[in-house]
Amino acid sequence: MKPANTESQARRRKNAILGAASSTLMRLTMAVLALWLRAGADPAGLTSKLLLIVLVLDLGSIPFIWISLKTRLKEIQGGEEDAAAQY
């Protein structure tokens, strides 16, 4: 039988990974939607340019999600949350 601490860490790791994956999926879905909307707009128009900017910013944030996940997994592995819960 595993200690409760290890089970808690495993649950937190799973939730962190699911959160990063769902956030990435949401951003990719929004990028596809923006491309679809942009395809129907005038390529030289303001709306098309704004959608392109939103698309680039949206996709540009994905690597930071995974960098944050890596940091979060290190925190969980190190037991920082468990140590803080003792106070």
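All values below were derived from every heavy atom in this structure, side-chain atoms included, with hydrogens, water molecules and symmetry-related copies excluded. Along the sequence shown, residues are numbered consecutively beginning with 1. From a predicted model like this one, the values you see are computed outputs, not experimental measurements.
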* Give a yes or no on whether M26 atom CE has more than 12 heavy-atom contacts from other residues, nucleotides or ligands under 6.0 Å away. => yes

* Asked: Looking at L73 and A16, what are the two nearest heavy atoms and their distance?
  ->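 Shortest heavy-atom contact: CD2-CB, 4.4 Å.
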
* Please report the shortest heavy-atom distance between G60 and P63, naming the atom on each side. =>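 G60 and P63 have their closest heavy atoms at O-CD, 3.4 Å.
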
* **Check: S23 side chain, G19 main-chain N or O, donor-acceptor pair, under 3.5 Å** => no

* To do: Taking S61 for its side chain and D58 for its backbone only, find out whether a donor-acceptor pair lies under 3.5 Å.
  =>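 Confirmed, S61 side chain pairs with D58 backbone.
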
* Applying the 4.5 Å side-chain criterion to the ILVMFWY set and letting contacts propagate, would L33 and I53 be lumped into a single cluster? ->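 In one cluster: no.
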
* Structure fact -> Rounded to the nearest 0.5 Å, the NZ atom of K49 sits from the OG1 atom of T47 at a distance of 11.0 Å

* Between CD1 on residue I62 and OG1 on residue T24, distance to nearest 0.5 Å -> 5.5 Å

Are side-chain heavy atoms of [X] and [Y] found at a separation under 4.5 Å?
X: R72; Y: R13; result: no
X: L50; Y: L46; result: yes
X: L55; Y: M30; result: no

* Asked: Got a sec, which residues hit side-chain contact (heavy atoms from CB on, under 4.5 Å) with R38, two or more places apart in sequence or on another chain?
  ->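 side-chain contact (heavy atoms from CB on, under 4.5 Å) list for R38, sorted by chain: S48, L51, L52.
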
* To do: Evaluate the side-chain contact (heavy atoms from CB on, under 4.5 Å) criterion for residues R12 and Q9: first the C-alpha distance (whole Å), next the side-chain angles of each, then the deciding distance (0.1 Å), finally the verdict.
  => CA-CA 5 Å; R12 287 193 301 256; Q9 283 184 352; 3.5 Å; yes

